[in-house]
Amino acid sequence: MEKKDIDWGNIGFGYMNTDFRYVSYYRNGKWDEGAIVKDSDITLNECACVFQYAQTIFEGLKAYTTEDGHIVCFRPDLNAERMKDSAARLEMPQFPADRFVEAVKEVVRANEAYVPPHGSGATLYIRPYMMGINPVIGVKPAEEYMFRIFVTPVGPYFKGGAKPIVIKVSDYDRAAPHGTGHIKAGLNYAMSLYPIVKAHEEGFAENMYLDAATRTKVEETGGANFIFITKDNKLVTPKSDSILPSITRRSIMVVAEKYLGMQVEHREVHFDELSEFAECGLCGTAAVISPVGKINDHGKEICFPSGMEEMGPVTKKLYDTLTGIQMGEIEAPEGWIYRIS
Ligand code: PLP
Ligand code: COI
């Protein structure tokens, strides 16, 4: 398969229109058989539920070219399950997990020419999403839905790749207790647009959101979970019912414990204890593991000892092991890697 003429090493995290996408419709109480199609545009009624009441959810995962030239993806079964949870919370029908995984494989195979080569620094980002499509004007769920998957080659989410970033403590809340923070709904990202634009204008790469009820505990950023490393080499990750259960974070917890012999704590993390940590990072499909050098709390800086030049040593080990597993350089735990070609 001849690859597209793309400067793989210099692409950022953006959208590129690729050749094929997957589409399936839910009508009369069932999903149709689905198909790979060419058209990247969607035409919908002006009153579609997605436009009026934001009934839309999504997922994100990646495909990689391994050292020995296969295309694989990482734990798509967990994305399928999380999407079912998101659907249930927004009164949408669930797309079956086995069909989700098959559709991911089909759409990646169809776009094989866009899967970045091994070692290029780029990967293929896969975006499954679902929306309510029939006209709805009284507030209620749609009856008809579209499930789609597109793919796009991507580079690092944050400019500078592995360079530590500076983030700020947000004055806005991302998710309410008993709200929708734990699912991947478009509405969670809509409300984060104002604070992220403000943060970027002020020179920060991301926002740290605190728990909405007490504003004393660390939740997550707009698009990633946190990891912290203690001075005695433990991995600590925030636990909360209102953050997205990151598949990357859950995988890093296993990597830390089983591959690196670290102690792992998944617990509430108080904002007050941040200055005690040796290293901090953001983790997610897009973020992979992005080191955080400083957190700005209304002008007061929390500077991690790992500094602003490079990833801290433990974060680096976690990064190398996780990406080594994803790219087929390190043996993966059973069931983590799905071969596509
Ligand atoms: N938190 C938020 C708000 C996200 O948007 C994402 C991205 O998917 C994550 C965390 C990381 O989740 P995952 O590791 O499953 O990509
Ligand atoms: C992902 O990591 O897949 C996400 O959806 C995060 C988003 C901010 C790009």
Side-chain angles (χ1 to χ4, degrees), residues 11-16 56-64 73-86 89 100 104 122-130 149-159 165 167 170 172-176 179-193 195-197 199-200 205-212 218-227 235 237-256 266 269 280-290 292 318-319 322-323 325-326 336:
I11 54 174
F13 195 90
Y15 171 76
M16 195 183 291
T56 178
I57 56 175
F58 70 100
E59 271 302 323
L61 68 160
K62 281 175 173 173
Y64 311 84
C73 67
F74 186 69
R75 312 191 77 180
D77 52 321
L78 298 190
N79 295 94
E81 287 305 327
R82 191 169 65 188
M83 194 160 194
K84 286 171 65 179
D85 295 342
S86 299
R89 179 65 177 79
F100 178 105
V104 164
T123 51
L124 188 77
Y125 187 69
I126 306 166
R127 173 56 64 90
Y129 58 115
M130 192 202 293
I149 310 178
F150 71 77
V151 300
T152 185
V154 293
Y157 191 68
F158 294 106
K159 278 195 217 93
I165 54 172
I167 64 173
S170 183
Y172 298 92
D173 295 322
R174 178 183 174 273
T180 55
H182 61 299
I183 61 159
K184 215 160 161 55
L187 60 92
N188 292 334
Y189 299 81
M191 55 60 56
S192 78
L193 297 176
I196 195 66
V197 169
H200 287 164
E206 253 293 4
N207 281 300
M208 166 181 271
Y209 291 104
L210 302 179
D211 75 294
V218 175
E219 295 254 296
E220 60 177 328
T221 67
N225 281 184
F226 278 104
I227 56 170
L235 171 72
T237 69
K239 186 173 186 174
S240 157
D241 290 340
S242 47
I243 69 178
L244 192 77
S246 158
I247 294 163
T248 314
R249 190 259 302 155
R250 286 181 267 164
S251 305
I252 291 170
M253 289 167 66
V254 175
V255 165
H266 185 213
V269 173
C280 170
L282 305 184
C283 68
T285 299
V288 193
I289 300 180
S290 300
V292 175
L318 289 167
Y319 177 92
L322 176 73
T323 54
I325 289 170
Q326 289 169 331
W336 280 23

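Count residues from 1 along the sequence. Atoms within a ligand are numbered from 1 in the order they appear, just like the ligands themselves.
Regarding atom 16 (O) of ligand 1, its nearest protein heavy-atom neighbour is T285 OG1, 2.5 Å. Annotation: atom 8 (C) of ligand 2 to nearest protein heavy atom, Y157 OH, 3.4 Å. Remark: minimum distance from atom 6 (C) of ligand 2 to any protein heavy atom is reached at G223 O, 3.7 Å. Atom 5 (O) of ligand 1 has its closest protein heavy atom at Y189 OH, 2.5 Å. Residue, atom and distance of the protein heavy atom nearest to atom 2 (O) of ligand 2 are A286 N, 2.8 Å. In terms of protein heavy-atom proximity, atom 6 (C) of ligand 1 is closest to G223 O, 3.3 Å. Nearest protein heavy-atom neighbour of atom 8 (O) of ligand 1: K184 NZ, 2.8 Å.
In terms of heavy-atom proximity, V104 sits nearest to I126 at CG1-CD1, 3.9 Å. Of all heavy-atom pairs between T285 and G60, the closest is OG1-O, 3.4 Å. Residues C280 and F226 share a closest heavy-atom pair of SG-CD2, 3.9 Å.
Within the 4.0 Å heavy-atom criterion, the part of A224 lying near ligand 1 is the backbone and not the side chain. Heavy atoms of R127 found under 4.0 angstrom from ligand 2 belong exclusively to the side chain.
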Quiz item: So K62 and V154, side-chain contact (heavy atoms from CB on, under 4.5 Å) or not? Walk me through it.
Solution: CA-CA 9 Å; K62 281 175 173 173; V154 293; 4.1 Å; yes
Exercise. Go through the steps to decide whether V288 and Y319 satisfy the test side-chain contact (heavy atoms from CB on, under 4.5 Å), and finish with yes or no.
Key: CA-CA 8 Å; V288 193; Y319 177 92; 3.8 Å; yes
Practice problem: Verify side-chain contact (heavy atoms from CB on, under 4.5 Å) between N207 and S192, making sure each step is shown before the conclusion. | Solution: CA-CA 9 Å; N207 281 300; S192 78; over 6 Å; no
Quiz item: Given the rule in the side-chain contact (heavy atoms from CB on, under 4.5 Å) test, do Y209 and D173 qualify, once you have shown the distances and angles that lead to the verdict?
Solution: CA-CA 6 Å; Y209 291 104; D173 295 322; 5.8 Å; no
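Ligand 2 places these atoms under 4.0 Å from at least one heavy atom of F58: 5 (O). Below 4.0 Å from some heavy atom of Y125 lie the following atoms of ligand 2, by number and element: 1 (C), 3 (O), 4 (C), 5 (O).
Atom 5 (O) of ligand 2 has its nearest heavy-atom neighbour, among E59, K184, K62, in K184.
Y129 and R127 share no side-chain donor-acceptor pair at under 3.5 Å.
Under a 4.0 Å heavy-atom criterion, A286 is not in contact with ligand 1.
D241 CG: 12 or fewer foreign heavy atoms inside a 6.0 Å radius.
Residue contacts with ligand 1: E220 is placed with a nitrogen or oxygen under 3.5 Å of a nitrogen or oxygen of the ligand (distance criterion only). In terms of polar-atom proximity, defined here as any N/O pair under 3.5 Å, R82 does make such a contact with ligand 1.
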